[in-house]
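Everything on this sheet refers to the single structure shown next.
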Amino acid sequence: METILASRFGKVLLTAVAPAAWGTTYIVTEMFLPPDRPLFSAVVRALPVGLVLLVWRRRLPSGSWWWRAGVLGLVNIALFFPLIFVSAYYLPGGLASTVQATSPLAVMGVAWLLIGERPGVTRILAAIVGLGGVTLLVLQSPDGVTAVGLAGAVASVVVSAVGFVLIKRWTPPVDMITLVSWQLVAGGVVLLPVALVVEGAPPAVDLTAALGYAWIAVVGTGLAFVCWFTGLRAMPAGAVSLIGLLNPVVGTALGVAFAHEVFGTAQALGVLLVLGGVVLGQRGARPAPAPAEGGSGRPATMAG
C-alpha cells in the first residue's frame, strides 16, 4: 500500500511541475516580453524547443499519428498558446487566472463526453472549492478588462480541455517527450506564417526578452508539457485538471514577490481553499487503465 501511495504521490508531484511553471507566464509576459505580440510569442514558445526535442528523439509520426499529431498540435499549441498570450496581454492577471480556474470543470465535462470518465460529486465539489479559492486569491477591481482578453481566456479553457482529453483518448506509440515534440513542431509550423501575416516582422528582442522567452519555452513549455501529459496518461483527467489550480497560486506568489501585489486575509484563505480543492480532487483517483496496444482511439470508461 505504501508503495502505491508513494507512486501516486510521485505522479501528483511530477504533474504539479506543469502548473508551477505555467504560473510564471503572466509575470514573465508582463515584465520581460515585447508588448502586444501574442502570435510571435506563441511561435517562439513552441517551435524552437519542439525542433530541439524532435532532433533529440529522432522519430517522426507514422500512420494515423500524422493527422493525430497535427490535431493535437493545432489544439494544444497553435490555438492554445496565442489565446493564453491574448489573455495575458489584454486582461488583468487576476481575472485571467480566475477564468483559467474554470478549466477543471471544463476538462471534466469534455472527459465525460469523449472518454466516458465520470467526475463524481467529490471531484466536482473540489473544482468549485478551488474556483472559489482562486477568486479570493486574485480578488481585485476589474480595471483593464477587454472583450478580446476575456474571449481569449474563455476560448483557451475550451480548447485546452479538448486537447488534454484527446491525449487520454489516443494511445501514443512513443514516449511522452517525442509526443510533445510532434505537437510543438506541428503547432509552431501552423503559427509561423500566421504570425508573419498578422503581426509582420519579428520585434526587436533584447537580452531580457530573450531570457524571458527561453524560460517560457524550455521550462514553461518543454518540461511542463512532458510532466503534464505524463500525469494525464497516468491519472483521471479530472484529478489532473485540479492540480492545474496551483497555477494561480504560483502566479500570486510571484506577483507579491516581484510586482508588490497585495496579499492579505482573503488571499491567504484563497490559497487554503485552492490547496484543499487540489487535495480533495485526488481522493479516490485510480491510476488510468493501460490502453489497448496500438492506440485504437476507442473511449475508455474510468471511475472517478
Side-chain angles (χ1 to χ4, degrees), residues 18 20-55 70 73-97 99-100 143-157 159-160 163 180-225 247-248 250-251 254-255 257-261:
W22 294 335
T24 66
T25 299
Y26 288 107
I27 195 164
V28 170
T29 299
E30 181 180 350
M31 297 182 66
F32 301 124
L33 303 189
D36 303 325
R37 301 302 292 266
L39 291 174
F40 174 78
S41 296
V43 171
V44 175
R45 181 178 180 181
L47 193 54
V49 69
L51 289 172
V52 170
L53 292 177
L54 187 63
V55 170
L74 177 65
V75 177
N76 287 329
I77 309 301
L79 292 176
F80 180 60
F81 280 6
L83 291 170
I84 282 292
F85 279 114
V86 165
S87 64
Y89 280 124
Y90 298 110
L91 276 187
L95 181 57
S97 296
V99 175
Q100 285 295 317
D143 293 339
V145 176
T146 67
V148 171
L150 194 57
V154 172
S156 72
V157 169
V159 298
S160 65
V180 168
S181 75
W182 292 352
Q183 294 179 72
L184 291 174
V185 172
V189 167
V190 170
L191 282 170
L192 181 59
V194 177
L196 291 174
V197 170
V198 175
E199 295 181 349
V205 176
D206 58 17
L207 178 60
T208 300
L211 291 175
Y213 280 127
W215 172 266
I216 287 179
V218 176
V219 178
T221 301
L223 175 63
F225 269 68
N247 181 334
V250 173
L254 292 175
F258 296 104
H260 309 293
E261 295 179 0

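In this text the structure is predicted, and so the values were computed from the model without any measurement.
Residue Ile216 holds its CD1 atom at 6.5 Å from OG1 of Thr24, rounded to the nearest 0.5 Å. A distance of 9.0 Å separates OG1 in Thr221 from CH2 in Trp22, rounded to the nearest 0.5 Å. Taking OG of Ser160 as the reference point, atom CD1 of Ile84 lies at 7.0 Å (rounded to 0.5 Å). Rounding to the nearest 0.5 Å places CG of Leu53 at 6.5 Å from CG of Leu184. We find the OH-OG1 distance between Tyr213 and Thr29 to be 8.0 Å, quoted to the nearest 0.5 Å. Considering CG of Leu33 and CZ of Phe40, their distance stands at 9.5 Å, rounded to 0.5 Å.
Arg45 places a side-chain N or O within 3.5 Å of a backbone atom of Gly220 that can act as its donor or acceptor partner. At distances below 3.5 Å, at least one donor-acceptor pair connects side-chain atoms of Ser156 with backbone N or O atoms of Ala153.
Closest non-hydrogen pair, Ile77 versus Pro82, comes out as O-CD, 3.5 Å. The two atoms that bring Val86 and Gly152 nearest to each other are CG1-CA, 4.3 Å, heavy atoms only. The nearest pair of heavy atoms linking Arg37 to Pro202 is NH2-CA, 4.0 Å. When every heavy atom of Ala204 is checked against every heavy atom of Pro34, the shortest pair comes out as O-CG, 4.2 Å. Smallest separation of non-hydrogen atoms from Leu191 and Ala78: CD2-O, 3.3 Å. Counting all heavy atoms, side chain and backbone alike, Leu79 lies closest to Leu83 at O-CG, 3.1 Å.
Side-chain contact check for Phe32 versus Leu211: every heavy-atom pair is 4.5 Å or farther apart. Inter-residue side-chain proximity for Phe80 and Val75 is flagged as unmet; no heavy-atom pair is nearer than 4.5 Å.
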Quiz prompt | Full working for side chain to side chain contact (heavy atoms under 4.5 Å, CB included) between Leu47 and Val189 | solution = CA-CA 7 Å; Leu47 193 54; Val189 167; 4.2 Å; yes
Practice problem: Test side chain to side chain contact (heavy atoms under 4.5 Å, CB included) on Leu223 and Val218 and set out the steps. | Solution: CA-CA 6 Å; Leu223 175 63; Val218 176; 5.9 Å; no
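A side-chain contact (heavy atoms from CB on, under 4.5 Å) with Glu199 holds for exactly one of Leu39, Val43, Asp36; it is Leu39.
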